[in-house]
Number of protein chains: 2
Amino acid sequence: MIQSIDRALRVLTVLAGDHRLSLGEIAQRLDLPPSTVHGIVRTLLPHRMVVQEHDSGHYRLGPAVLTLGNVYLDTLELRSRVAPWAEDLARRTGLAVRTAVMLVEDVVVVHHEPRPDGSRQMPEVGIVIPAHASALGKALLAFDDEAAETVLGGPLRSMSGDTVTDVRALRGQLKTIRQTGLAEEVEEAVLGECELAAVLCDRLGSPVGAIGLVAPAEEWPLDAAVVTALRTAARSVSRELGATSWPPHGDAPKASDMGTRRKRPRPA
Amino acid sequence: MIQSIDRALRVLTVLAGDHRLSLGEIAQRLDLPPSTVHGIVRTLLPHRMVVQEHDSGHYRLGPAVLTLGNVYLDTLELRSRVAPWAEDLARRTGLAVRTAVMLVEDVVVVHHEPRPDGSRQMPEVGIVIPAHASALGKALLAFDDEAAETVLGGPLRSMSGDTVTDVRALRGQLKTIRQTGLAEEVEEAVLGECELAAVLCDRLGSPVGAIGLVAPAEEWPLDAAVVTALRTAARSVSRELGATSWPPHGDAPKASDMGTRRKRPRPA
DNA sequence: GAATATCATTCGATATTGTCGAATGGTTCT
DNA sequence: AGAACCATTCGACAATATCGAATGATATTC
């Protein structure tokens with residue numbers, strides 16, 4: 001691992017947490033001398049990954065990060081495959097539909113179909129939610145042992161009063177999810193908001209994302225028809241991605257298995 | 001400038017251009033030995049700035065770039081200030097409204113208010129357009145000498161048959177824009193699409209962005225009332241950002257002036 | 001089906017390169 | 001007016017990234 005690049009990425013991460021930081025503040029958070037950090041931001045600056053406020057000298061993220069994010073979305077097969085199904089689901093259920101992928105200990109929303117009531121809703125693409133506090137995250141963790149260990153090993157932040165932060169309780173939930181194929185979350189991330197989610201798989205049977213229905217607490221639990229619609233959508237998207245079975249059996253290759261590459265799923 | 005970080009950012013840029021590249025292809029495009037590039041991507045990988053396809057070994061951008069882009073948007077004062085005005089403009093004119101900022105030789109759309117006809121439109125936030133081929137870009141270049149020189153100095157890519165690629169012609173356009181405060185573009189970036197744009201300024205009088213109306217070629221030129229509405233919106237947003245006059249007089253401090261910092265506009 | 005070409009990856013020697021402490025000039029607060 | 005803070009510059013040192021060659025494994029070709 002290249003030290004300076006790792007540090008540069010850490011600078012970006014810090015800036016993503018607390019927007020608008022002085023050079024000294026960044027240095028403090030990274031436990032590095034200010035002059036070292038200065039060299040780093042000086043390199044990020046011409047690429048516009050960060051910009052400097054011309055009055056205070058503080059640093060913030062720059063427009064270049066936005067273009068990268070846009071390209072990521074445009075080229076994500078999961079997203080284009082999910083889009084029509086999400087639209088269909090939203091119309092059928094009257095609920096908002098979110099699709100997310102794993103990002104270390106969190107999930108990132110890569111697609112958001114607003115609930116079809118004509119109201120103006122904030123687009124949620126790009127938001128980050130702790131995996132253990134969201135149905136989307138739990139649906140993924142249940143079929144991704146590696147990520148599950150990462151999350152359960154680290155500290156479990158509490159998002160709301162109802163966030164499940166007990167490791168044993170979470171392991172139990174994941175086991176249930178593996179059986180039913182569905183993960184749920186009741187006001188664990190955001191008060192008044194519940195979610196039902198299902199994992200999405202690719203041609204290797206690996207979990208690559210999750211799709212979920214977001215409902216206000218008053219409408220919880222969801223109708224059986226709605227649950228079925230979600231399962232159908234998850235299965236259909238997975239099939240379009242090349243998965244041969246759904247829910248997955250849990251023997252999918254782990255993300256770190258890079259030695260054993262193969263284009264097609266292992267023949268039985 | 002730190003070499004390895006610069007190279008890492010170049011890797012990301014290359015990946016933003018051609019999604020899905022093998023290690024060797026990246027190395028070739030950057031004119032670097034594969035082993036050097038490997039060290040770089042190896043560092044980007046755990047941060048999920050890039051991910052590796054587990055079947056082909058090819059690299060692509062990762063979900064981490066999306067979260068950065070989202071934070072950038074959320075913290076952009078320009079964006080939050082523009083949003084209500086853009087909505088108002090769209091309702092009043094029946095046209096789509098775009099807001100963009102400068103990114104080296106291009107502009108990046110940071111806000112997009114779809115035309116209010118109820119149709120489903122692709123969100124354009126994050127897309128990149130060559131500055132010289134868009135009204136948004138020309139509105140910015142007219143008041144940003146530094147950026148103008150960068151763009152006019154480099155090669156002027158042609159986007160459509162009507163793209164103006166002649167430096168002298170462009171300089172003439174910029175002069176006109178400085179007088180009228182409005183920039184236009186007729187099918188220069190996308191065939192069948194025209195745009196009228198105005199610059200947005202901050203408290204220092206520096207151009208920080210541009211707002212524009214997008215119209216199909218059939219509806220061009222725009223009504224006088226529509227033109228006035230755009231001017232009013234641009235002036236209003238600029239005032240909310242702290243600008244004391246609009247259009248700007250062109251004596252704004254350049255982005256590179258970092259020695260002379262001041263919180264408020266220079267008193268007269 | 002054996003042989004070749006391609007590719008990602010590892011390793012280690014080299015000197016290039018990033019690192020860090022101290023100093024500078026500017027600005028803001030007391 | 002003085003002190004404190006801050007971004008920035010500089011230069012010496014050695015830690016560190018770089019690159020060529022080697023490896024293993026996989027597709028491709030004959």
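A, B, ... follow the sequence lines: proteins, then strands. Residue 1 opens every chain.
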First locate atom CZ of A:Arg239, then atom OG1 of A:Thr244, and finally report the distance between them rounded to the nearest 0.5 Å.
-> 10.5 Å
Could I get the full list of side chain to side chain donor-acceptor pair (under 3.5 Å) partners for B:Asp202, not counting sequence neighbours?
-> A:His54
Can you find a side chain N or O atom of B:Arg42 that sits less than 4.0 Å from OP1 or OP2 on C:dA8?
-> no
Reckon B:Tyr59 has a side-chain N or O less than 4.0 Å from the OP1 or OP2 of C:dT9?
-> yes
Indicate the atoms forming the closest heavy-atom contact of B:Glu25 with B:Arg20, along with that distance.
-> OE1-O, 4.4 Å
Can you tell me the distance, in whole Å, between the CG atom of A:Leu21 and the C1' atom of D:dC6?
-> 14 Å
Just how far, in rounded Å, is C1' of C:dT28 from CG of A:Asp55?
-> 14 Å
Side chains of B:Met49 and B:Leu68: does their closest heavy-atom pair fall under 4.5 Å?
-> yes
Closest non-hydrogen contact found for A:Pro247 with A:Gly181 is CG-CA, 4.3 Å
List the atom pairs, donor and acceptor, that lie under 3.5 Å between side-chain atoms in residues 127-140 of chain A and the rest of the protein, sequence neighbours left out.
residue: A:His132; atom: NE2; partner: A:Arg157; partner atom: O; Å: 2.7
residue: A:Ser134; atom: OG; partner: A:Gly137; partner atom: N; Å: 2.9
residue: A:Lys138; atom: NZ; partner: A:Gln173; partner atom: OE1; Å: 2.7
residue: A:Lys138; atom: NZ; partner: A:Glu184; partner atom: O; Å: 3.4
residue: A:Lys138; atom: NZ; partner: A:Glu188; partner atom: OE1; Å: 2.8
residue: A:Lys138; atom: NZ; partner: A:Glu188; partner atom: OE2; Å: 3.4

Using atom NE2 of B:His38 as one end and atom P of D:dA17 as the other, report the distance to the nearest whole Å.
-> 15 Å
Distances for protein N or O near nucleotides 18-20 of chain C N or O, under 3.5 Å:
residue: C:dG18; atom: OP1; partner: B:Gln3; partner atom: N; Å: 2.3
residue: C:dG18; atom: OP1; partner: B:Ser4; partner atom: N; Å: 3.1
residue: C:dT19; atom: OP1; partner: A:Arg7; partner atom: NH1; Å: 3.3
residue: C:dT19; atom: O5'; partner: A:Arg7; partner atom: NH1; Å: 3.4
residue: C:dC20; atom: OP2; partner: A:Thr36; partner atom: OG1; Å: 2.6

Interface with DNA chain D, restricted to residues 8-19 of chain A and to heavy atoms under 4.0 Å | none
Calculate the interatomic distance between A:Asp6 atom CG and D:dT16 atom P; express it in whole Å.
-> 12 Å
Between atom CG in A:Leu45 and atom C1' in D:dT8, what is the gap in whole Å?
-> 13 Å
Does A:Arg171 have any side chain to side chain donor-acceptor pair (under 3.5 Å) partners at least two apart in sequence or in another chain, and if so, which?
-> A:Glu149
Side chains of residues 37-46 of chain B: which donor-acceptor partners sit under 3.5 Å, not counting sequence neighbours?
residue: B:Thr43; atom: OG1; partner: A:Ile2; partner atom: N; Å: 2.9
residue: B:Thr43; atom: OG1; partner: B:Gly39; partner atom: O; Å: 3.0

OH of A:Tyr72 to OG1 of B:Thr67, rounded to nearest 0.5 Å, is 10.0 Å
Take atom CG of B:Asp31 and atom C1' of D:dT18, then tell me their distance rounded to the nearest Å.
-> 14 Å
Atom pair distance, as rounded to whole Å: CD in A:Glu53 and P in D:dC6 = 15 Å
Distance between C1' atoms of D:dA12 and D:dT16 (Å, rounded) | 16 Å
